[in-house]
Structures are given as C-alpha cells and as structure tokens.
Protein chains: 2
Amino acid sequence: MLPPHLVSPRTLQRLPLYVSYLHSLPKDALYISSTEIAAQLGLHPVQVRKDLAAVGAQGRPRLGFEVQTLLRLLTTYLNGGTQHSAVLVGMGHLGRALAAHLGFAHYGFTIQAVFDNDQNLVGSRLAGYEVQKMENLVPLCQTLKPAVGIITVPAEEAQGVCDLLVQAGVRVIWNFAPTHLAVPKDVTVQDEDIAASLALITKQILGQQPSLVPISRKEESVRDGIL
Amino acid sequence: MLPPHLVSPRTLQRLPLYVSYLHSLPKDALYISSTEIAAQLGLHPVQVRKDLAAVGAQGRPRLGFEVQTLLRLLTTYLNGGTQHSAVLVGMGHLGRALAAHLGFAHYGFTIQAVFDNDQNLVGSRLAGYEVQKMENLVPLCQTLKPAVGIITVPAEEAQGVCDLLVQAGVRVIWNFAPTHLAVPKDVTVQDEDIAASLALITKQILGQQPSLVPISRKEESVRDGIL
DNA sequence: GGAATAACGATATTTAATTATCGATATATT
DNA sequence: AATATATCGATAATTAAATATCGTTATTCC
Ligand SMILES: NC(=O)c1ccc[n+]([C@@H]2O[C@H](COP(=O)([O-])OP(=O)(O)OC[C@H]3O[C@@H](n4cnc5c(N)ncnc54)[C@H](O)[C@@H]3O)[C@@H](O)[C@H]2O)c1
Ligand SMILES: NC(=O)c1ccc[n+]([C@@H]2O[C@H](COP(=O)([O-])OP(=O)(O)OC[C@H]3O[C@@H](n4cnc5c(N)ncnc54)[C@H](O)[C@@H]3O)[C@@H](O)[C@H]2O)c1
C-alpha cells in the first residue's frame with residue numbers, strides 16, 4: 001500500500017498491459033493470480049508478482065490479487081492521480097490520428113491545442129481542434145503551460161519545432177520524427193522510433209532473432225493451446 | 001566485415017539511429033568517430049563502438065569510422081538486402097497515416113494491400129490503395145504472401161483480425177491495438193504500445209524517473225552546450 | 001478439524017546490458 | 001624522424017533485469 005520508491009522502466013512499461021488485461025476480465029471476477037496473468041500475457045509469473053509488488057499490490061495465498069484493488073492501484077500509479085495537458089505540432093497524417101485518438105484521455109492526457117505552419121490548415125477544424133498558427137505557439141503555451149509537447153512534423157523541421165517548445169517552457173517532448181533532438185539537460189525527449197520497431201521486425205522475418213519480450217518455455221505451451 | 005552472429009535487441013533498436021545521424025552529416029565528411037556520434041546522440045562512446053562492431057564495422061585509430069562504409073554496413077544489415085511486403089488491416093486514422101507514410105519504403109517495407117470491414121470504405125481509394133473487403137484477406141494473402149500483417153483496428157477486433165492473418169499464413173504481426181494477442185508459437189507479435197510510452201512520459205512529468213536511454217555524466221554537458 | 005495444495009513473497013542465482021579500463025595503433029605535430 | 005595524442009578494440013567490472021528456489025500462508029477438500 002505504501003508509495004513505491006522506484007519502479008524500473010521495464011516494469012513501468014508493462015504496467016499498462018496489466019491494466020488492459022484486467023479490464024478484459026469478466027465483471028464478476030473477484031481475484032486473479034499472477035500465474036494466470038502470466039499465462040495469458042506470455043510473461044513469467046515471478047515477473048508479474050514483482051511488477052505488481054512495485055505498485056504496492058499484495059495478494060492472498062491460494063487466491064491471488066483482488067482485481068478491483070489492483071486496477072485502482074495500477075491506474076492511480078500510472079497517471080499519478082492527475083490529468084496532464086499536451087500540445088501537438090504538425091497536423092499531418094500522424095498528427096491527426098493522434099489528435100483524434102480517444103485513448104489518451106483514458107491514460108490521463110488531454111491535447112489542449114494543435115499547431116501547423118501550413119496556411120491551408122491554419123484556422124480550419126481538424127479532429128475537433130482549430131489548427132493554430134505557429135506564431136501562437138509560444139504565447140499560448142505560456143498561458144496553457146502544457147506538460148508535454150508532441151512533435152509530428154517532418155524530420156528536417158523537428159529540431160526547430162523542438163527549440164520553440166523548449167523556449168515556450170515545455171519540459172517533456174514526445175518526438176515522432178525519426179531524428180535525434182538536442183535539448184538542454186532539464187528537458188527530456190522521448191522518441192517514438194518506428195525505425196527501431198522495423199529493425200526488430202525485419203530480424204524476426206529473417207532469422208530467429210530473440211524477441212524483445214521473450215517467452216519462457218512453460219508459457220509457450222499455454223499460449224499455443226489458445227488457438 | 002564478417003557477418004555478425006547475434007545482435008542484441010537493444011543494439012538492433014539503436015542501429016537506425018546511427019543511420020539517420022550519418023545521413024545528417026555534411027556530404028564531405030569522410031570519417032566520424034564513436035566519440036562524436038556518442039556526444040551528438042547522447043550515448044556512451046563504448047556503447048557506440050560495440051554497436052558498430054556488431055554489424056562488422058571497423059574503425060581507424062585517430063580517425064574513426066569511414067562514413068560511407070558504415071552507412072552501407074548498417075543499411076544492408078538492417079534490411080537484410082531484401083524488400084519485405086506487408087498488408088494492413090484497419091484503414092482508420094492510424095491505418096491511413098501508416099499507409100501514407102513514405103518512410104517504410106526507405107526501411108525496406110512495402111504495403112501491398114489494405115483491408116477494412118467498413119462498407120463505406122471498401123472499394124474507395126485511400127493513400128493510394130484501393131481498400132479491400134475482409135473476405136479477400138485470406139485469398140489475397142495466399143497469393144501475395146506478405147511477410148508482415150499490420151493491425152490497426154480497435155482493440156476488441158484485434159484478436160479476430162489476428163486469427164485471420166495467421167490463418168492466411170502471416171508469421172509476423174505488427175500490432176498497434178492496445179491489447180495482447182494470442183498466437184501459435186511459430187508466429188511472433190510485436191506490440192507498438194503507446195500506453196507503455198505514455199507511462200514513461202507520465203513519470204518523467206511527475207518525478208525524476210530514470211529515462212529509458214540514460215545520459216551519462218560526460219555527455220550531459222556536451223548536449224547542454226548545443227542549445 | 002486436519003491434510004493437501006495453489007499461490008504469494010522474499011531471497012538467491014543467472015543472464016543481459018552498460019560502463020570502465022587500458023594497451024595498441026596510426027595520425028598529426030614539432 | 002621522434003613524440004604526443006585521439007581513437008580503436010579487447011577485456012574486465014558493474015549494474016540492471018529476468019528467472020529460479022523455497023519457506024509461508026490461507027483456502028479447499030476430505
Ligand atoms: N505517418 C506515419 O505513420 C508515421 C509513423 C511514424 C513516424 N512518422 C513521422 O511523423 C512525422 C509526421 O508524419 P506525417 O505522415 O504526419 O507527415 P505529414 O507530411 O502528413 O504531416 C506533417 C505536418 O507537419 C506540418 N509541418 C511541417 N513543417 C512544420 C513546421 N516547421 N512547423 C509546424 N508544422 C509543420 C505540415 O504542414 C504537415 O501538416 C514525420 O517525421 C514522420 O516521419 C510518421
Ligand atoms: N489513432 C492513434 O493515434 C492511435 C495511436 C496508437 C494506437 N492506436 C490504436 O490503433 C487502432 C486504430 O486506431 P484509429 O485511431 O485508427 O481508429 P479508427 O476508429 O479511426 O480506425 C479503425 C478502423 O478499423 C476498421 N475496423 C474495425 N473493425 C474491423 C474489423 N473487424 N476488420 C477490419 N477492419 C475493422 C474500422 O472500420 C476503422 O476504419 C486502435 O486500436 C487504437 O487504439 C491508435
């Protein structure tokens with residue numbers, strides 16, 4: 001129940017997986033065991049227990065973990081109990097998809113404003129947002145104080161847009177452009193690198209490159225039995 | 001120069017980063033050192049050398065690595081010298097963005113056909129593709145033999161679509177839906193989990209959660225000096 | 001009520017990945 | 001030509017992550 005001190009990045013990335021799995025459970029399920037979670041998600045049971053322990057969950061021998069309590073612990077841990085605001089720059093194909101994506105609200109994020117430098121787009125309504133001109137970025141951010149800046153412009157433009165966001169006081173950048181961004185050390189950049197994923201996929205096609213989430217021997221048979 | 005035996009997943013995911021960095025270099029740059037690459041990308045120089053050694057690169061003391069040779073080694077390693085084909089299911093917001101995305105060709109991937117179950121979309125042209133009806137999926141895949149199936153349908157529909165793709169002989173699934181897919185053990189699923197990214201971002205906003213690509217002490221000052 | 005057992009939670013081990021150290025090398029400088 | 005030095009490449013040390021082991025617990029079944 002105590003607030004966890006430090007959760008490893010790998011564990012942190014698996015937590016949403018548990019959330020979506022718990023949501024998929026029948027309404028009347030009271031308890032779920034780490035064994036069952038692990039079997040369904042292709043993970044190791046010990047890993048699941050360690051992950052859940054990291055957010056302060058505690059289970060009962062022979063029964064497992066209380067589903068609703070677990071869900072509450074995970075979701076409050078993940079969004080920290082607060083809603084976060086974001087702005088998005090680059091309302092092209094990807095920007096529109098992200099802006100239209102309702103999944104964000106569910107994870108505690110709200111896109112407050114969207115920007116583009118294309119005069120044909122500025123002023124129009126896309127995915128429910130009025131596209132702002134770039135000149136408005138710094139002043140608007142100074143009032144909205146968004147926690148995150150989402151970059152979905154072509155790679156060549158990304159650094160410039162990033163500099164603007166930093167200048168506007170944004171401390172966390174979510175970068176979808178396939179390029180590395182230089183930022184001051186108090187700003188963090190998270191790259192959403194599709195090329196990195198493609199690299200893994202290519203190797204999976206070619207040889208038997210070990211997958212990023214290896215499946216333990218025991219679980220393989222379980223998963224195989226599903227289909 | 002010898003073909004590398006086994007490249008770790010983490011290294012594999014960093015290789016495209018080097019490619020894009022090398023492309024950003026001035027045309028007349030003959031050599032680049034691991035020190036310089038590391039400083040620019042916020043990595044550790046030893047890590048860069050190990051990564052490059054993994055694809056068979058060898059450098060020269062005092063000079064570094066030959067840029068063009070390095071690029072050739074990396075790109076041929078990454079796409080294995082061959083072009084890979086894919087089909088995409090779910091031509092909604094995200095599906096269209098991916099289908100329209102020209103970056104894939106650059107990494108050796110070609111989307112050959114796209115599918116949707118919305119009767120209003122089937123038959124129409126989107127992002128240069130004629131949207132196919134779902135009934136065509138299995139027969140078309142049997143002739144096209146795509147290496148990868150891309151899933152961009154809502155989470156509730158993903159398992160059904162996945163089963164169809166597997167039935168059609170697809171062995172590698174690239175899943176953008178926020179749900180875990182059960183597959184036979186000769187099929188691999190790669191999840192593109194946006195929720196996992198959001199989990200990291202939230203922690204970066206809240207406290208000082210260690211970032212996924214930690215920056216070593218020495219590099220911080222260098223990066224700081226850029227802006 | 002008592003034995004059998006499924007699952008937890010703590011600790012230990014193993015494996016993977018990153019970072020440090022250092023001798024060797026070839027270039028630039030004097 | 002000799003020397004200083006930046007960088008490589010190999011090996012070693014460290015750190016992080018995953019997995020194994022096992023005693024404890026509380027439920028279920030008899
Ligand atoms: N489409 C995808 O599926 C996909 C996937 C992964 C990554 N990406 C990357 O995301 C980025 C966007 O991709 P896309 O397909 O949406 O491209 P796009 O061309 O459809 O959209 C880019 C948008 O950015 C705007 N823009 C350009 N320069 C700008 C600037 N300086 N300031 C503000 N706005 C600017 C353009 O007007 C356009 O609306 C690219 O870097 C791409 O590589 C795209
Ligand atoms: N939009 C984003 O930025 C984004 C980001 C990350 C993940 N995702 C995920 O990607 C998926 C698609 O997102 P989206 O925003 O494009 O949604 P969307 O509703 O715009 O598109 C979904 C498409 O799938 C089609 N579809 C539904 N059921 C189908 C079926 N059984 N067979 C074939 N086609 C079917 C629909 O007709 C629709 O065209 C979702 O799972 C979403 O959570 C979206």
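Only heavy atoms go into these numbers, but all of them, side chains included; no hydrogens, no water, no symmetry mates. In this text the structure is predicted, and so the values were computed from the model without any measurement.
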For atom CD of B:Glu66 and atom P of D:dT7, their distance in whole Å: 17 Å

Of D:dA17, D:dA20, C:dT19, the nucleotide closest to the side chain of A:Val46 is D:dA20

Closest nucleotide among C:dT18, D:dC8, D:dA18 to the B:Arg10 side chain: C:dT18

Please state how far atom CG in B:Leu30 lies from atom C1' in C:dA26, giving the value in whole angstrom units. 17 Å

Between D:dC8 (C1') and B:Ile32 (CD1): distance, integer Å: 15 Å

Within 6.0 angstrom of A:His101 NE2, more than 12 heavy atoms from elsewhere: yes

Under 4.0 Å: is that the gap between some side-chain N or O of A:Arg60 and OP1 or OP2 of C:dC8? no

With a 4.5 Å heavy-atom cut-off, do A:His23 and A:Leu71 have their side chains touching? yes

A:Arg14 vs D:dA18: side-chain N/O to OP1/OP2 distance below 4.0 Å: yes

Could you pick out which residue, B:Lys50 or A:Ser33, lies toward the 5' side of DNA chain C when each is mapped onto its nearest nucleotide? A:Ser33

Roughly how far, to the nearest 0.5 Å, is the CD atom of A:Glu192 from the CD atom of B:Glu192? 6.5 Å

Calculate the interatomic distance between A:His44 atom NE2 and C:dT13 atom C1'; express it in whole Å. 12 Å

Ignoring hydrogens and angles, are the base of D:dT7 and the side chain of B:Arg62 linked by a donor-acceptor pair under 3.5 Å? no

From B:Thr179 OG1 over to B:Glu156 CD, what is the distance, rounded to the nearest 0.5 angstrom? 8.5 Å

Walking DNA chain D from its 5' end, the first of A:Asp51 and A:Pro61 to be reached, judged by nearest nucleotide, is A:Asp51

Nearest whole Å is fine: how far is D:dA16 P from A:Gln13 CD? 16 Å

Determine the contact category for A:Ser34: base if any of its heavy atoms lies under 4.0 Å from a base atom, sugar-phosphate if only primed atoms, P, OP1 or OP2 are that close, otherwise nothing. sugar-phosphate

When the distance from CG of B:Leu63 to C1' of C:dA28 is rounded to whole Å, what number comes out? 10 Å

B:Thr11 vs A:Gly64, nearer the 5' end of DNA chain C by closest nucleotide: A:Gly64

D:dA16 C1' sits how many Å from B:Gln47 CD, rounded? 13 Å

Find the distance A:Tyr31:OH to D:dT25:P and express it as a whole number of Å. 18 Å

Going by heavy atoms in the side chains, are A:Val166 and A:Pro184 under 4.5 Å from each other? yes

